[in-house]
Amino acid sequence: MNASNYNGIYDGSGISIVIIDTGASKSFKNDNVIYSYDFADNDKNANNYENHHGGSVAAVSQSVASGVDIIHLKVFKDNAVTASVYHIESALQWIIENSEKYNIAAVNISLAIGNVTSNAYNNTHGDEYQKLDDLDIITVVAAGNDSNKYNTDGINKMAASDNVIAVSAVTVNNEFTSWSQKHSELTDIAALGQNVNVKGHLLSGTSYAAPIIAGAAAIIQQIALEKLGHKISDEQFLELIQKTADKINPETYSSNSVSNQPALSTQSSLAIAGYTQNFTPDKDPGEDITNTYELLPESNQIFIKEKLSSKDLSDHYSFILDTNAVVSISLTDLDADVDLALKNSTGEIIKKEWVWGNGDLDLAEALVAGEKYFIAVDSYDKKLTAYALSIDFNGGINITPNKPVIDYISPENDPGGDMITAYQLMPSLNKVIINNSLNAEDTKDFYVFSLANKTSITVELTDLSADVDLFLVDSSGKTLSHEWSWGYSDLMITTVLEADKQYYILANSYDKNQTDYKLTIEFTEINPKIKKAPENTETPEIDYITPENDPGEDRHTAYKLSSNNNFLEITESLSAVDDKDFYNFFVKHSTEVTISLTNLDADVDLLLKDSSGKKLFHKWKWGNADLQISTTLNESEQYYIYTDSFDKKSTNYTLSIEFINSVGGPTIPTVSNTPDHGDAPLGYAGVNIDNAVNYFLEHSSDYAVI
């Protein structure tokens, strides 16, 4: 395969790449930086003198596309090794709002957290990824460097989305590195990630494989704008680089070391199934296992902020797993020397980590369900220090789908006293709980949020020791609801809010006295009723299908549907070891279709994808409710229906497909034009930029919008 440097006549001129990372670096200066912003510190200084990761990542993209413009969006505080999900979300939203202004072609995210084996993981940034996809902006995410940490192939959670390109790392000999996370279905492409030459420094990591793809995207989009007058979609770009790539043998590995890739902080997350529970304990954790702080996890990731001092030398936390799992624990943000220990139910130390000074600590251990374990955070030098404790249960906690999910927020900056300086909330969880305070000098706290769908909202103001009023205000400043009472009684507002509008919550001190408060906001999305298929005057003939072999778990092994009837009814099942079924069909004529998923005993999602794998519809509800998709299919195209178990429980199901106003039912799909990579899975291909550019120049008319 070719290395990171591309020396063709196209150089990405006029195109911008956004680097969401640690910021600009003096050690790796980037040419053509046209904009930068620090979302972590909320200022325009995106320089980071302690961490050079962002600068080196940008330099890799420029080694591929020397004329490209760079935008640095810094999401790490200075000296920090982790980033807040909120800051990443804000950066993505900035890109969506400014994509046209800066002609943004690609976004690079070389950040990582965890390991997943399915895109069914509800990605924190799913909404933003989809909007970037819709804008034909190619989002590239590093697959992660922790292959040796996990027992199964998978990719970093940030890369687990159909709307991004997940990049694994290979050597110059086109062999997978031993440390690169990869997955036969989830890895989209591989690129050089070992000993990448970055301004004379040899760096390794999927962090440096990803920006090679971002640079390639800039070059291809430059050509597309010149030859076609428009950008190509990310699906077309991925198909192009896979088609022209070099085959990789997935069984061939290279043994080598890797440089550090910044981890994504679990400070706050917005995904229903895999969010981060972020809270400050309501009482001081005990100093031994007899008075421990009991953790009752509502998530597989927990982030705790606490402190130790000369009078409080030790904090203990206890937990019990629902399922056997490898638990990962990190202790960061220290100002003093602190030890980290994991103990069993009797208090015996299982594993202990320590370093001299205030270095970060990490430990991981395989633990058993049903047993009580303790995490001990012990001050060594008896000095005052804050700390951040991150715990990843890696699937050890079973999340009940109908259980309200709570995001505990302690605002990192004081909510503003007016609408302009309001604290930004990004509610994707069922419930948000905010602990804050008011006083004579800070009499108002504004919070702002917007909703993707029509939603019933309940706002409660409690735990008061002074007189505070509660307001709900629209974007024009009009008061929608105002609750108050004499003294410091609890207050509540319940109403229904429309989608795609901005709203403000105001906690307003009436008597200007000091008071803490708890603001609880619960969101209940109002789902539209399932649209019924038009009634036919004649009872359709039904083709009852029981697949003779189990439907495959991806597009390449999908069960092919063919029938002379316009109504198909398929009976199948899912389980913990068979949690996905793909069905493939081809329609000769444009037709309306209604797809229904019924007779469920567990929580299953229903998806419809096009021939490239792009998601057209995704229907889901908590529990085992029926699901339905109604749409119009284009003539002479193939589609995929995808049933995906959410809770990995065994269930039978009935999949009904009705073709309306169609001549004959679905047929077996035509042969795909996907390139043949031999026995290697589709994603196991190493990018070859020369091949991609030459092929695109020769076949650019195939990518024209008709």
Any side-chain donor near an acceptor of the partner, [X] and [Y], under 3.5 Å:
X: Asn688; Y: Asp690; result: no
X: Ser330; Y: Asp362; result: yes
X: Asp11; Y: Ser13; result: yes
X: Asn145; Y: Thr206; result: yes
X: Asn694; Y: Glu698; result: no
X: Ser56; Y: Tyr208; result: yes
X: Ser36; Y: His72; result: no
X: Tyr86; Y: Gln424; result: no
X: Asp21; Y: His53; result: yes
X: Tyr37; Y: Asn42; result: yes

Looking at [X] and [Y], what are the two nearest heavy atoms and their distance?
X: Val64; Y: Ala216; answer: CG1-N, 3.8 Å
X: Ser16; Y: Ile34; answer: OG-CD1, 3.3 Å
X: Ala160; Y: Val116; answer: CB-CG2, 3.4 Å
X: Ser110; Y: Ser207; answer: OG-O, 2.8 Å
X: Asp136; Y: Gln221; answer: O-NE2, 3.5 Å
X: Ile104; Y: Asn98; answer: CD1-O, 3.9 Å

Run the numbers on Gln242 and Asp188 for side-chain hydrogen bond (donor to acceptor under 3.5 Å, both in side chains), then give the verdict.
-> CA-CA 8 Å; Gln242 287 180 335; Asp188 292 307; 4.7 Å; no

What about Tyr504 and Phe449, are their ring centers closer than 6.0 Å?
-> no

Centroid-centroid distance, Tyr102 to Tyr35, less than 6.0 Å = yes

Residue of the set Val170, Val172, Thr177 for which side-chain contact (heavy atoms from CB on, under 4.5 Å) holds with Gln194 | Thr177

Applying side-chain contact (heavy atoms from CB on, under 4.5 Å) between Leu111 and each of Val57, Asn156, Ile88, report the one that passes.
-> Ile88

Heavy-atom distance under 4.5 Å between the side chains of [X] and [Y], does that happen here?
X: Thr22; Y: His52; result: no
X: Asn691; Y: Asp246; result: yes
X: Tyr447; Y: Val432; result: no
X: Ile165; Y: Ile189; result: yes
X: Ile19; Y: Ile71; result: no
X: Ile20; Y: Asn108; result: no
X: Tyr703; Y: Lys231; result: no

Donor-acceptor under 3.5 Å (Ser168 side chain, Thr187 main chain) = no

Does the Glu128 side chain pair with the main chain of Ser90, one donor and one acceptor, at a distance under 3.5 Å?
-> no

Which word best sums up how the rings of Tyr695 and His699 line up, parallel for under 30°, tilted for 30 to 60°, or perpendicular for over 60°?
-> parallel

For Asp162 and Lys609, what are the C-alpha separation, side-chain angles and deciding distance, and is it a salt bridge (charged side-chain N to carboxylate O under 4.0 Å, His left out)?
-> CA-CA 10 Å; Asp162 289 330; Lys609 299 187 175 186; 3.3 Å; yes

Before giving the answer on side chain to side chain contact (heavy atoms under 4.5 Å, CB included), spell out for Ile17 and Asp69 the whole-Å C-alpha distance, their side-chain angles and the decisive distance to 0.1 Å.
-> CA-CA 6 Å; Ile17 295 177; Asp69 292 329; over 6 Å; no

In sequence, state the C-alpha distance, the side-chain angles, and the governing distance for Lys74 and Asp41, and then conclude on salt bridge (charged side-chain N to carboxylate O under 4.0 Å, His left out).
-> CA-CA 9 Å; Lys74 181 172 176 279; Asp41 296 305; 3.3 Å; yes

Mark yes or no: Lys182 above the aromatic ring of Phe176, with NZ or CZ under 6.0 Å from the six-membered ring centre and no more than 45 degrees from the axis.
-> yes

CA sep, side-chain torsions, deciding dist, call: Asn45, Asn47, side-chain hydrogen bond (donor to acceptor under 3.5 Å, both in side chains) | CA-CA 6 Å; Asn45 182 8; Asn47 292 314; 3.1 Å; yes

May I have the step-by-step check of side chain to side chain contact (heavy atoms under 4.5 Å, CB included) for Asp31 and Val33, ending in yes or no?
-> CA-CA 6 Å; Asp31 300 326; Val33 175; over 6 Å; no

Would you sort out whether Tyr129 and Ile137 count as a side chain to side chain contact (heavy atoms under 4.5 Å, CB included), showing the intermediate values?
-> CA-CA 9 Å; Tyr129 285 165; Ile137 294 175; over 6 Å; no

